[in-house]
Peer 1: 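Before I ask anything, here is the structure I am working with.
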Amino acid sequence: MNGGDDAATSGPPPSLEWRFSQVFGERTAGEEVQEVDIISAIEFDKSGDHLATGDRGGRVVLFERTDTKDHGGSRKDLEQTDYPVRHPEFRYKTEFQSHEPEFDYLKSLEIEEKINKIRWCQPANGALFLLSTNDKTIKYWKVQEKKIKKISEMNIDPSESSNIPPQLVTNGLPADKGHDYLSKDFSFPPGGIPSLRLPVVTSQETNLVARCRRVYAHAHDYHINSISNSSDGETFISADDLRVNLWNLEISNQSFNIVDVKPTNMEDLTEVITSAEFHPIHCNMLAYSSSKGSIRLIDMRQSALCDSHTKLFEEPEAPGSRSFFTEIIASISDIKFSKDGRYILSRDYMTLKLWDINMDSGPVASYQVHEHLRPRLCDLYENDSIFDKFECCLSGDGLRVATGSYSNLFRVFGASQGINLIKSLKFVLINCCKTFASMVYIRRQIQTPARPSRSIGSMTRVVRRGSESPGTEANGNAYDFTTKLLHMAWHPTENSIACAAANSLYMYYA
Amino acid sequence: MSMVDEPLYPIAVLIDELKNDDIQRRLNSIKRLSIIARALGEERTRKELIPFLSENNDDDDEVLLAMAEELGGFILYVGGVEYAYVLLPPLETLSTVEETCVREKAVDSLCRIGAQMRESDLVEHFTPLAKRLSAGEWFTARVSACGIFHIAYPSAPDVLKTELRSIYGQLCQDDMPMVRRAAATNLGKFAATIESAHLKTDIMSMFEDLTQDDQDSVRLLAVEGCAALGKLLEPQDCVAHILPVIVNFSQDKSWRVRYMVANQLYELCEAVGPEPTRTDLVPAYARLLCDNEAEVRIAAAGKVTKFCRILNPELAIQHILPCVKELSSDSSQHVRSALASVIMGMAPVLGKDATIEHLLPIFLSLLKDEFPDVRLNIISKLDQVNQVIGIDLLSQSLLPAIVELAEDRHWRVRLAIIEYIPLLASQLGVGFFDEKLGALCMQWLQDKVHSIREAAANNLKRLAEEFGPEWAMQHIVPQVLEMINNPHYLYRMTILRAVSLLAPVMGSEITCSKLLPAVITASKDRVPNIKFNVAKMMQSLIPIVDQAVVENMIRPCLVELSEDPDVDVRYFANQALQSIDNVMMSS
């Protein structure tokens, strides 16, 4: 197994210069962040032409790429030429209310509307499809352009319909006089009735309509943390703290439980599922991560109930390093497969780790993200920050990895897969440490009068920034634990990153 | 705006509502599309209605589904078979939508129409449509294409046939797994229309591609194709091409594929003939019966009878029975349950001696299973084994099993066994029943769960039907009437219920002499619920008994109840009195 040779021989990828591209929903100075507006999920679709965000208010906002639209089908040719490729630019497309707050009366539990995850499905007939989930319920959405219809040339003038006896207006019931016409036996004249005409429909304008096609509910006792589609195009999984369920997209009233880690006695509970993802190519493989820092790869072909894993990825604990926080910071908050399915990227509180699925003895690379916070773990525990769940992502070519941090920072590392790097634990580059100075500034403002809620206008407003405030922090002293960059996604084909800072969506490119 | 003659209003409204804002109205109009078509006449249907439908197809799925269904039977309304082709364009668009059920209905309708079209029209209109769909940009079109090739193919000229075969081959290798799945599903149908020369070359190579697909979900469906293809091929070709594939599949690394094989295997036995069955399929099936995945064993166990029916008894005894014995003590209750539900059917296959020697021990061990479903499944099929060996051999172990189920703490289990009591009674005979089970039937009348009491009352009626009124007079009626003084009114109500069910079976004489007096006593009950139930019951007794009895016994009792302080009692008593008067008047 020496699939990593390519990367090893070609050396670390060249460092990238990250530049600001766009921001959506940027706050003006003094504007207070509404809780419901905080972004809680980001996801690019497979082609990279669309981006979806979900927020705590249960809304899903879609963006579409603008810079490729003009070239249409010739985009591929364009990329092959030496033409300077422009970085992806997006514009607001539409938004819809995916989830509403609910109340479970049996358990006296409030179910918040917050979108935990969004996953794109296979598009068809020009319509977009996606799955969104809150803590309990997964929904399948179709977003499609619909023509606005104008109907003219009716048989009966609507303005005159008031003069018609009411029993004739509804066609569902046999009215006394009309009964003969609607019965099968009535014979119409051979040429038909010439005075009848079909309505004429004219339509020019179109608008986007989101329709909920299916609701997958009542299958999870605990909070759903992940959803992931299978490469077979017909199934997906949903994972909560203790179980993973397998669904067919077409069938919303039954699912199969494939992983169940619930102990018979809940007092024996030591480990929960934190994240799960299907293999991007093999529909029978999936991986899930746990609060103890392990990743399990399971093969659904082996048995119907996949309680025993095929492979277990764990890093042996360094001797003598054990402390009160060891277990807490070992918990994996997110895992992602690389596009070819060869590697799994995992994020725990302190590090990013890259695992080769053919090697379960340890990660092939490990990157320190929060090492400088180690002396402050106690404070972080006190203010609960230690439980923050940072997401991670890989670039489409698998050469770089990225994750978020405090003070609205994100970090990009070269995912060098060379074997000699296993022990060195050194990251090849920290490429980008941008602070949004304005945002930090805003946080320190005194409370301003609350605005009711974000309007579409604020999301559609695209701000181009001329200059960046250069990143000044590095040592962690300036860290602001209330601003954290939890959610981010890497464009599938380009070096472009979308990340969420509170209610704003920032786009960077290199 | 045109004005319509008043008599045409309903039809005019129907047409207008094709585009109503309310989906129910649109749905209603679409479902009566044939009426609209007749009102417009054939020519305008072709020239106006069908194009109108083709253009207005971005509607809700329910409407599109109804449209796809209606158009399938529309040839009559467009002017007959020579104009059938005009129906293709709207169905073509419908067969590309993303909702699966709409697409499937549209494909169904396309096939229905295609099957009636003239050969020249098929070549001119239908085949190009199949080609267009299979070159569709979105997978939805290509999925639908797979379903109509078997209509397009037979009438196509040779050159076109070659092209169609190669297009289907491409669909089998499509990038999207959905398309490959559709190709696999429809391969059998398509293959049935293909000349045997091409069957062995083109179709078999497509089949081989599908059987080696990376996606389990595609290979699964290829398994289904095995049986269909097997039936088309000559036995020797089947042995050469299909048999190795199915034997391979039976050892596939995916349990879902093996599960499909376990479900399908018996169908293939006929296709390959007896000898390969013995040498290859029986060992494969025996392996599946001992698979390490419970789901596979469940599927295999569920087909054990069907499989053995094809084999000769010796083979079954030699190869299958040992596995079945293992399964009867399987660690998974679902496997045992699946086995229990079919194993009784093996008795007629094996014959009396083999059944006694081999199957009886298995029956007995399953009858003692700790899991109630297993025992229930055995008991439910008792009649099959009775025909072969008689019930006597089983009756000794049957009784404890029944008694235990009758007292199971889950009421659903008790309910299930009550349902089988009449069957048991008929199999075991009066003597055995009286001795052992009679008491149980009475005991259920006093169960804590209402559904059980209700079922118990029904059970008494079915027993009375089975064994006749005289038997019931001795073994049911006295015991039931004894319980009518139970201190709890809910139990008294159950007895009343039982009495009212028994009355029609027992006939007028016994009803008057035994049952009616008890009911009249009950009308003096202190609980109003009992009293109005008496009133309701009496109403049901009226047609059974003599008019004199009605006048002398029932009416006085009802009159008394009609003056009861409780409003419900008065209401039902008056209802009953009224129906007496009605009967009087009509006679």
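In what follows, every chain begins at residue 1, and chains take the letters A, B, ... in the order their sequences are listed.
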Peer 1: As an exercise, state the distance from CZ of B/Phe52 to CZ of A/Arg197, rounded to the nearest 0.5 Å.
Peer 2: 13.5 Å

Peer 1: Report, as yes or no, whether the 6.0 Å neighbourhood of atom CD on A/Glu145 holds more than 12 heavy atoms from other residues, nucleotides or ligands.
Peer 2: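 Above 12, so yes.
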
Peer 1: Is the OH atom of B/Tyr259 crowded by more than 12 outside heavy atoms at less than 6.0 Å?
Peer 2: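 No, the 6.0 Å shell around OH holds no more than 12 heavy atoms from other groups.
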
Peer 1: How about CG on B/Asp22, more than 12 heavy atoms from neighbouring residues, nucleotides or ligands closer than 6.0 Å, or not?
Peer 2: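 Count over threshold, so yes.
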
Peer 1: More than 12 heavy atoms of other residues, nucleotides or ligands under 6.0 Å from NZ of A/Lys46: yes or no?
Peer 2: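 Open: at most 12 neighbouring heavy atoms sit under 6.0 Å from NZ of A/Lys46.
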
Peer 1: Most heavy-atom pairs under 4.5 angstrom with chain A, which of B/Asn56, B/Val97, B/Thr140, B/Asp216?
Peer 2: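 That would be B/Asp216.
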
Peer 1: In Å and rounded to the nearest 0.5 Å, what is the CZ to CZ distance from B/Arg219 to A/Arg301?
Peer 2: 6.0 Å

Peer 1: Which distance, rounded to the nearest 0.5 Å, do you find between the CZ of A/Arg211 and the CG of B/Asp61?
Peer 2: 6.0 Å

Peer 1: Does atom CG (A/Asn207) have a neighbourhood of more than 12 heavy atoms from anything else shown, all under 6.0 Å?
Peer 2: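 Yes.
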
Peer 1: Highest number of heavy-atom pairs under 4.5 Å with chain A: which of B/Glu99, B/Glu42, B/Glu55, B/Lys31?
Peer 2: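 Ranked by contacts with chain A, first place is B/Glu99.
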
Peer 1: Of the backbone (N, CA, C, O) and the side chain (C-beta and beyond), which part of B/Asp60 lies under 4.5 Å from a heavy atom of chain A, both, or neither?
Peer 2: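 For B/Asp60, backbone and side chain are both near chain A.
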
Peer 1: Taking B/Arg256 for the side chain and A/Ala304 for the main chain, is one N or O donor matched with an acceptor at less than 3.5 Å?
Peer 2: no

Peer 1: Rounded to the nearest 0.5 Å, what separation is found between the CG atom of B/Leu40 and the CG atom of A/Leu196?
Peer 2: 6.0 Å

Peer 1: Are B/Gln215 and A/Asp232 close enough that a side-chain donor and a side-chain acceptor fall under 3.5 Å?
Peer 2: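 Absent: no donor and acceptor within the cut-off.
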
Peer 1: More than 12 non-hydrogen atoms from neighbouring residues, nucleotides or ligands closer than 6.0 Å to OH on B/Tyr83, yes or no?
Peer 2: no

Peer 1: Could you tell me whether A/Glu234 and B/Arg180 have a side-chain N and a carboxylate O separated by less than 4.0 Å?
Peer 2: no

Peer 1: Give a yes or no on whether A/Phe256 atom CZ has more than 12 heavy-atom contacts from other residues, nucleotides or ligands under 6.0 Å away.
Peer 2: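 No.
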
Peer 1: Salt bridge check, A/Asp299 against B/Lys253: does any charged N sit closer than 4.0 Å to a carboxylate O?
Peer 2: no

Peer 1: Please look at A/Ser231 and chain B and tell me whether the side chain, the backbone, both or neither of the residue comes under 4.5 angstrom of a heavy atom of that chain.
Peer 2: both

Peer 1: Any chance you could measure B/Leu18, atom CG, to A/Leu198, atom CG, to the nearest 0.5 Å?
Peer 2: 7.0 Å

Peer 1: Counting only heavy atoms closer than 4.5 Å, note whether A/Glu250 contacts chain B via side chain, backbone, both or neither.
Peer 2: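 The side chain, not the backbone.
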
Peer 1: Pick from A/Ala127, A/Ser230, A/Cys283: which one has the most heavy-atom pairs with chain B under 4.5 Å?
Peer 2: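 The candidate making the most pairs under 4.5 Å is A/Cys283.
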
Peer 1: For chain B, which of A/Lys146, A/His282, A/Arg213, A/Lys142 has the most heavy-atom pairs under 4.5 Å?
Peer 2: A/Arg213

Peer 1: Are the side chain of A/Asn125 and the backbone N or O of B/Thr96 linked by a donor-acceptor pair below 3.5 Å?
Peer 2: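 Yes, the answer is positive, given that a donor and an acceptor are paired below the 3.5 Å cut-off.
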
Peer 1: Please examine the side chains of B/Ser254 and A/Asn284, heavy atoms only from C-beta on, and report whether any two atoms are closer than 4.5 Å.
Peer 2: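 Not touching, per the 4.5 Å side-chain cut-off.
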
Peer 1: Please report the shortest heavy-atom distance between A/Ala124 and B/Trp138, naming the atom on each side.
Peer 2: CA-CE3, 3.6 Å

Peer 1: Just by distance, do the side chain of B/Trp255 and the backbone of A/Met300 share a donor-acceptor pair under 3.5 Å?
Peer 2: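 Yes, the answer is positive, given that a donor and an acceptor are paired below the 3.5 Å cut-off.
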
